[in-house]
Amino acid sequence: MIDPESRIEALAPALSRLQRGVEKEGLRVRPDGALAATPHPSALGSALTHPHITTDFSESQLELITGVHADPERCLAELKELHQFVYRNIGDEMIWAASMPCRLPSESEIPIARYGSSNIARAKTVYRTGLSHRYGRRMQMISGIHYNFSLPEALWPVAGLGDASSAYLALIRNFRRHAWLLLYLFGASPAVCACFVEGRRHSLQKLSRDTLYLPFATSLRMGRIGYLGEAQDALSVSCNDLESYAASLTDALTRPYPPYEAIGLRDGDDYRQLATTLLQIENEYYATIRPKRVIRSGERPLHALRERGVQYVEVRVMDVDPFCEVGIAAETMRFLDVFLLHCLTSDSPPDTPQEIRTVASNAQLVAARGREPGIELRLGERRVALGEWGGRLLDECAPIALALDDACGGHAYREAVEAARRAAGDPASLPSARVLAAVRNEHEGSYVDFALARSLGHRDAMLAEPLSPEADTRLAALARTSVEEQQRIEAADRIPFETFLQQYLDPHSVVA
């Protein structure tokens with residue numbers, strides 16, 4: 001057995017070349033804080049083909065995607081440029097500055113994203129239509145930060161960590177065990193507009209006329225009213241090896257699910273969903289972290305993983321930080337780097353169905369009650385205080401931060417871990433507590449007023465700072481070429497949509 005310090009030493013040559021990228025979701029809203037009902041702005045290009053500016057579930061839900069960077073500041077600089085370009089091309093609209101949604105209209109008035117007339121575009125829209133029937137459109141309007149993380153591929157043969165896929169899956173197993181710490185430290189969604197749960201059963205408390213909350217919550221986004229449901233609860237995806245992971249997802253992609261069968265596949269000529277199985281496609285698996293591989297044109301994600309292995313991991317637990325203009329700070333990114341390296345270099349025993357249920361329960365508890373004094377989590381067969389466990393994890397992260405600072409220069413990684421340690425010992429300083437304090441003290445208990453004020457401030461700051469002519473020209477050119485690429489895709493379609501869909505949905509197919 002190799003100890004963690006030896007593993008970090010083996011990784012030392014690569015620590016200055018960690019690679020990361022950010023995907024940031026955000027709703028377009030009107031100046032009054034209501035959801036924008038306008039189409040995806042034409043000046044931003046094609047949501048189908050633009051590599052950096054697209055939409056998620058809704059036509060009103062932007063997704064900004066950076067490239068891969070070896071430095072957190074450069075990654076954030078690109079994310080800032082994308083925000084600046086968007087703000088200059090959406091008129092008086094804003095990007096909502098928080099994870100939980102703005103004032104939402106009725107379910108039927110939330111616009112589902114549209115991508116054009118091609119077969120792949122229609123499939124993307126039908127998939128989202130299926131999500132609306134399965135989970136409701138309001139739930140899909142939650143936004144978050146996805147953090148993509150990898151090490152140079154040439155490293156794995158000499159790092160003593162096995163092949164890349166096995167190492168990344170070991171990281172994922174440990175991440176799931178310890179992800180509650182990220183919810184505690186960085187969760188920023190303890191309150192929500194009352195319209196979000198209209199007509200649904202919930203356990204939220206009333207804070208004001210238009211706001212519901214839980215007093216010790218860290219991340220309602222990752223809780224029971226967020227990306228969860230009976231169907232997702234039924235999934236028990238093993239990450240012990242690549243084949244077991246793929247087999248788990250294949251089962252979910254092929255297993256009929258009676259509630260979804262009741263929805264039906266079609267309504268006349270219109271599709272209600274892509275399939276009546278537990279998952280329509282792989283993306284519907286709402287995991288806290290996923291193994292990923294850059295896919296080739298038209299390739300199925302599962303096929304890419306099986307054929308060429310895991311290339312990076314996608315962290316999906318991070319709330320949008322409403323106190324940060326682009327939704328995530330460099331210090332947070334550095335802590336994520338340290339945390340993920342801790343997950344990679346610590347011993348990672350195989351998961352079991354029982355453990356998968358336990359770690360999910362821990363995450364749910366922290367999402368709903370993480371700042372509650374005396375809270376305990378389950379660790380194996382015993383219960384342990386959140387503060388005790390968190391302190392031990394942060395102690396184990398300290399030497400990793402030191403190694404990163406030695407490799408990259410400076411003290412930024414150690415400072416990120418120390419900032420996390422201070423926050424862990426002072427629950428009132430956590431983002432979730434700061435959100436509630438601002439909602440109560442500055443906005444008369446209104447979550448919408450709080451998030452609207454943050455959104456206005458972020459927009460004004462972004463518009464006040466010049467966007468470089470080079471970035472403006474480059475992004476405008478990307479918008480134009482993305483439209484041309486969409487037109488080429490539409491002109492190249494040769495098969496009926498039904499035939500395309502049959503091929504697209506076959507989980508064993510190479511082509512999607």
Side-chain angles (χ1 to χ4, degrees), residues 1 3-5 7-8 147 170-190 214-224 239 287-289 313 315-319 331-332 334-402 413-414 416-433:
M1 182 180 295
D3 64 89
E5 289 189 12
R7 287 173 174 151
I8 284 293
Y147 191 71
L171 181 160
I172 288 171
R173 294 195 298 275
N174 276 336
F175 181 93
R176 297 200 299 194
R177 291 166 178 135
H178 302 146
W180 61 264
L181 181 61
L182 299 180
L183 298 179
Y184 178 71
L185 291 172
F186 302 110
S189 55
L214 289 176
F216 299 109
T218 62
S219 179
L220 296 182
R221 167 179 168 265
M222 297 301 296
R224 295 307 310 177
C239 290
T288 57
I289 185 171
V313 294
V315 173
R316 299 165 56 82
V317 300
M318 304 301 292
D319 284 350
E331 186 174 79
T332 303
R334 286 197 172 87
F335 184 83
L336 285 171
D337 292 342
V338 174
F339 182 82
L340 290 164
L341 284 172
H342 175 269
C343 293
L344 177 68
T345 56
S346 300
D347 287 337
S348 184
D351 59 39
T352 65
Q354 174 59 45
E355 187 197 36
I356 291 171
R357 289 191 293 270
T358 297
V359 298
S361 177
N362 282 343
Q364 285 302 296
L365 185 62
V366 174
R369 297 165 46 202
R371 288 178 289 106
E372 182 177 303
I375 191 168
E376 293 183 332
L377 306 178
R378 184 165 291 282
L379 178 59
E381 296 301 317
R382 64 189 181 94
R383 291 194 171 275
V384 61
L386 180 151
E388 177 189 340
W389 193 358
R392 187 161 67 246
L393 289 173
L394 291 170
D395 286 344
E396 292 167 359
C397 283
I400 299 173
L402 177 61
Y413 282 99
R414 277 171 285 182
V417 172
E418 286 307 309
R421 194 189 302 276
R422 290 192 299 272
D426 180 14
S429 71
L430 296 171
S432 53

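Nothing here was measured: the structure is a model prediction, and the numbers come from that model. Numbering of residues begins at 1 and proceeds along the displayed sequence.
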Could you tell me whether the side chain of [X] and the main chain of [Y] form a donor-acceptor pair under 3.5 Å?
{"X": "T218", "Y": "G370", "answer": "no"}
{"X": "R369", "Y": "A217", "answer": "no"}
{"X": "N174", "Y": "S346", "answer": "yes"}
{"X": "R357", "Y": "T352", "answer": "no"}
{"X": "D319", "Y": "F186", "answer": "no"}
{"X": "T288", "Y": "R176", "answer": "no"}

Please evaluate residues F175 and V313 with respect to the criterion side chain to side chain contact (heavy atoms under 4.5 Å, CB included), reporting the C-alpha separation (whole Å), side-chain torsions for both, the decisive distance (0.1 Å), and the verdict. CA-CA 11 Å; F175 181 93; V313 294; over 6 Å; no
Looking at [X] and [Y], what are the two nearest heavy atoms and their distance?
{"X": "A428", "Y": "A433", "answer": "O-CB, 3.5 Å"}
{"X": "A424", "Y": "L394", "answer": "CB-CD1, 4.1 Å"}
{"X": "R371", "Y": "P190", "answer": "NH2-CB, 4.3 Å"}
{"X": "I172", "Y": "C239", "answer": "CG2-SG, 3.7 Å"}
{"X": "Q364", "Y": "M222", "answer": "NE2-O, 2.9 Å"}
{"X": "A170", "Y": "S348", "answer": "O-OG, 2.9 Å"}

Taking the six-membered ring for Trp, are H342 and H178 parallel (under 30°), tilted (30 to 60°) or perpendicular (over 60°)? tilted
Could you go through the salt bridge (Lys or Arg N to Asp or Glu O under 4.0 Å) check for D351 and R177 one step at a time? CA-CA 10 Å; D351 59 39; R177 291 166 178 135; over 6 Å; no
How many angstroms lie between atom [atom1] of [X] and atom [atom2] of [Y], to the nearest 0.5 angstrom?
{"X": "L183", "Y": "L430", "atom1": "CG", "atom2": "CG", "answer": "11.5 Å"}
{"X": "S219", "Y": "L182", "atom1": "OG", "atom2": "CG", "answer": "10.5 Å"}
{"X": "N362", "Y": "L379", "atom1": "CG", "atom2": "CG", "answer": "8.0 Å"}

Carboxylate-amine/guanidinium proximity below 4.0 Å for R422 and E418: no
Is R334 close enough and on-axis enough to Y413, meaning under 6.0 Å and within 45°, for cation-pi? yes
Less than 4.5 Å apart, side chain to side chain, heavy atoms only: is that true for [X] and [Y]?
{"X": "I375", "Y": "F216", "answer": "no"}
{"X": "L171", "Y": "I289", "answer": "yes"}
{"X": "Y147", "Y": "L340", "answer": "yes"}

Steps toward side chain to side chain contact (heavy atoms under 4.5 Å, CB included) verdict (L393, W180): CA-CA 11 Å; L393 289 173; W180 61 264; 3.9 Å; yes
For side chain to side chain contact (heavy atoms under 4.5 Å, CB included), just list the numbers for R378 and S361, CA-CA rounded to whole Å, side-chain angles, deciding distance to a tenth of an Å, and then say yes or no. CA-CA 8 Å; R378 184 165 291 282; S361 177; over 6 Å; no
